[in-house]
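All of these numbers come straight from a predicted model, not from anything done at the bench. Quick note on labels: first sequence line is chain A, next is B, and so on, each numbered from 1. When reading the values below, keep in mind they use all heavy atoms of this one structure, side chains included, and skip hydrogens, waters and symmetry mates.
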Number of protein chains: 2
Amino acid sequence: MHIPIKVDYGVRALLDLAEHAQEPAVRSADISLRQHIPQSFLDRLLLTLAKDGLVRSVRGPLGGHALARDPAQVTLGMVMRSLGGNETIVGCLEAPESCNHLAGCGQREIWSEVEDAVQRILDGTSIADLLVRTKAARALVVSAAN
Amino acid sequence: MHIPIKVDYGVRALLDLAEHAQEPAVRSADISLRQHIPQSFLDRLLLTLAKDGLVRSVRGPLGGHALARDPAQVTLGMVMRSLGGNETIVGCLEAPESCNHLAGCGQREIWSEVEDAVQRILDGTSIADLLVRTKAARALVVSAAN
DNA sequence: CTTGTAGTTGACCAACTTGGTCAACAATAC
DNA sequence: GTATTGTTGACCAAGTTGGTCAACTACAAG
C-alpha cells in the first residue's frame, strides 16, 4: 500500500481551502507557503482538482482557489481518484479477458476485497472530518508545548 | 491501491507448491509453465521467498522448491512483505520527525488506518484459504463449460 | 487600453521503480 | 565428470513520480 505524495498534498491544499473558506479566493502562493508544497507542483494539482469539480479557480488579481462544494461533501476517495492516477490494483481486475490464469483464479477476489476496504475508508472520510481531526491534533501539540 | 505483479506471481507460485505438496520438490520450470510466469523472473521471486523462510529450495537434479511450512501458516501478508518492496505508505509515517507538517497533521491517522485495513485482510488470508477458493473457482469454470 | 497579478498549458527532466533477461557460478545426483 | 537445477550479479527498457520553467491567457484597476 502506498499513498502518492500528490494525494497528501492535495488533501492538505483542500484542508487549507476549507480553513480559509470565508475568503473569496486563496492564492496558490499562500497555500504553497503555509503547507510547504512546491508552488508549480501545487498549481498542477489544483488544476486537476478543478477539472474534477472539487475546486473553483479564478484568474487575475483577486483570483485564487476555493472549494467548489461543502467540505463534508468532499471525500478522500474523490481526491485519490482525482490525483492518484489510474490506480489499477492488478492488471486482470479490469481486463479479466486478458488474464490467462482465469480458469480458477482465487486471488482476484482478495485483491478486490482489499481495494474495496481501502475505498470504504477513503470514501468515509471527508475534508470536514479531517479538519476536525487536524484541529484536535493541533490542540494536542499546543497543550504538549505548555 | 496497487498490488505489484510480483506479489501475484509469488502467490500463484506458492499455490502451485501447495497443490504439489506431495512431491518432494517442484522445479521452477514446471511452475513457470503451469502458472505462465517468466522463469528467470520467477527464480528471483522464489529466491526471495526462500530467504524469508516461506520456501525451501534444493539445487541439482531432483532439486526444486517446496513450501517451508504449512499452507495455513503462510499468509498473503507475508508474501506481500517479502516481495512487495518497502511499501512505505507515505514518507512521514515511519519518519515523522522528517515531516514538517507534523504540527497538526490529521491525515497521518487516516493513511495508517488504510494500511492497517489492508494488512488485516492480507494477514487474514492464507495460502490454504486461497487454495480452497481456487479449487471452487475452477469447479465453477468447469461446470459453466458443460 | 495598458499594466500587474494569478491561474493555465505544454514541454521538459532527473530519479526511481517495475518487470524482465542473461551469463556465469555453485551444489548435487548419478 | 557430467547433467541438472537453483543462485548471484550485471544489466535493461519502459513507465511513473515528483518537480521545474517559460509562455500564455484571463481579469481587475487605473
Side-chain angles (χ1 to χ4, degrees), chain A residues 1-13 17 23-33 35-52 54-66 68 80 82-92 98, chain B residues 1-13 17 23-33 35-52 54-66 68 80 82-92 98:
Chain A
M1 189 56 217
H2 165 248
I3 306 284
I5 195 69
K6 308 193 220 184
V7 175
D8 195 68
Y9 283 173
V11 170
R12 282 216 304 280
L17 292 182
E23 302 171 26
V26 180
R27 283 170 307 171
S28 86
D30 293 340
I31 305 178
S32 163
L33 274 174
Q35 305 295 330
H36 312 98
I37 304 171
Q39 189 184 347
S40 37
F41 194 49
L42 174 62
D43 281 343
R44 343 219 76 196
L45 300 181
L46 286 167
L47 182 59
T48 308
L49 291 172
K51 284 190 172 150
D52 287 337
L54 302 184
V55 157
R56 239 178 309 101
S57 310
V58 179
R59 316 198 222 196
L62 305 189
H65 308 269
M80 190 81 196
S82 175
L83 299 176
N86 288 330
E87 282 310 311
T88 100
I89 187 162
V90 106
C92 66
S98 78
Chain B
M1 187 57 216
H2 164 247
I3 306 284
I5 195 70
K6 308 192 219 183
V7 175
D8 195 70
Y9 283 173
V11 170
R12 283 216 304 278
L17 291 182
E23 301 171 26
V26 180
R27 285 169 305 169
S28 85
D30 292 340
I31 304 177
S32 163
L33 274 174
Q35 305 296 330
H36 311 96
I37 304 172
Q39 190 183 347
S40 36
F41 194 49
L42 174 62
D43 282 342
R44 343 218 81 199
L45 300 181
L46 286 168
L47 182 58
T48 307
L49 291 171
K51 282 187 174 153
D52 287 334
L54 303 183
V55 156
R56 237 177 311 100
S57 309
V58 178
R59 320 196 220 196
L62 305 189
H65 309 267
M80 189 80 194
S82 174
L83 300 176
N86 288 329
E87 283 310 311
T88 103
I89 188 164
V90 107
C92 67
S98 77

Please name the pair of heavy atoms, one in A/Ala66 and one in A/Pro24, separated by the smallest distance, quoted to 0.1 Å.
CB-O, 3.8 Å
Taking atom C1' of D/dT17 as reference, at what distance in whole Å does atom CG of A/Leu83 sit?
13 Å
In terms of the nearest nucleotide of DNA chain D, which residue is placed more toward the 5' end: B/Arg27 or B/Leu47?
B/Arg27
Any side-chain N or O of A/Tyr9 under 4.0 Å from OP1/OP2 of D/dG19?
yes
Interatomic distance, A/Ile37 CD1 vs D/dT17 P [rounded to whole Å]
17 Å
Kindly say whether A/Ile37 contributes a backbone atom to a donor-acceptor pair with the side chain of A/Ser32 at under 3.5 angstrom?
yes
B/Asp8 CG to C/dT18 P, in whole Å, measures 15 Å
Under 4.0 Å, heavy atom to any atom of DNA chain D: which of residues 55-64 of chain A qualify?
A/Arg59, A/Gly60, A/Pro61, A/Leu62
For A/Leu42 and A/Ala13 the tightest heavy-atom approach is CD1-CB, 3.9 Å
Write down the distance between CD (B/Gln39) and P (D/dT4), rounded to a whole number of angstrom.
14 Å
Does B/Ser28 have a side-chain nitrogen or oxygen under 4.0 Å from the phosphate oxygens OP1 or OP2 of D/dG6?
yes
Can you list the residues that meet the side-chain contact (heavy atoms from CB on, under 4.5 Å) rule with A/Glu23, with sequence neighbours excluded?
A/His20, A/Val26
Measure CG/A/Asp43 against C1'/D/dG18 and give the value in whole Å, please.
15 Å
If you take all heavy atoms of B/Ser28 and B/Leu46, which pair is closest and at what distance?
CB-CD1, 3.8 Å
Using atom CZ of A/Phe41 as one end and atom C1' of D/dG19 as the other, report the distance to the nearest whole Å.
6 Å
Any side-chain heavy atom of B/Leu83 within less than 4.5 Å of one from B/Asp52?
no
Check: B/Arg44 side chain, D/dG9 base, donor-acceptor under 3.5 Å:
yes
Whole Å only: how far is the CD atom of A/Glu23 from the P atom of C/dA6?
13 Å
Counting only side-chain N and O atoms of B/Ser40, is one of them less than 4.0 Å from OP1 or OP2 of C/dT21?
yes
Spacing of B/Ile3 atom CD1 relative to C/dT18 atom C1', expressed in whole Å
15 Å
Non-neighbouring partners of A/Pro38 that pass side-chain contact (heavy atoms from CB on, under 4.5 Å), sequence neighbours left out
A/Tyr9, A/Phe41
Please determine if a side-chain N or O atom of B/Lys51 lies less than 4.0 Å away from the OP1 or OP2 oxygen of D/dG6.
no
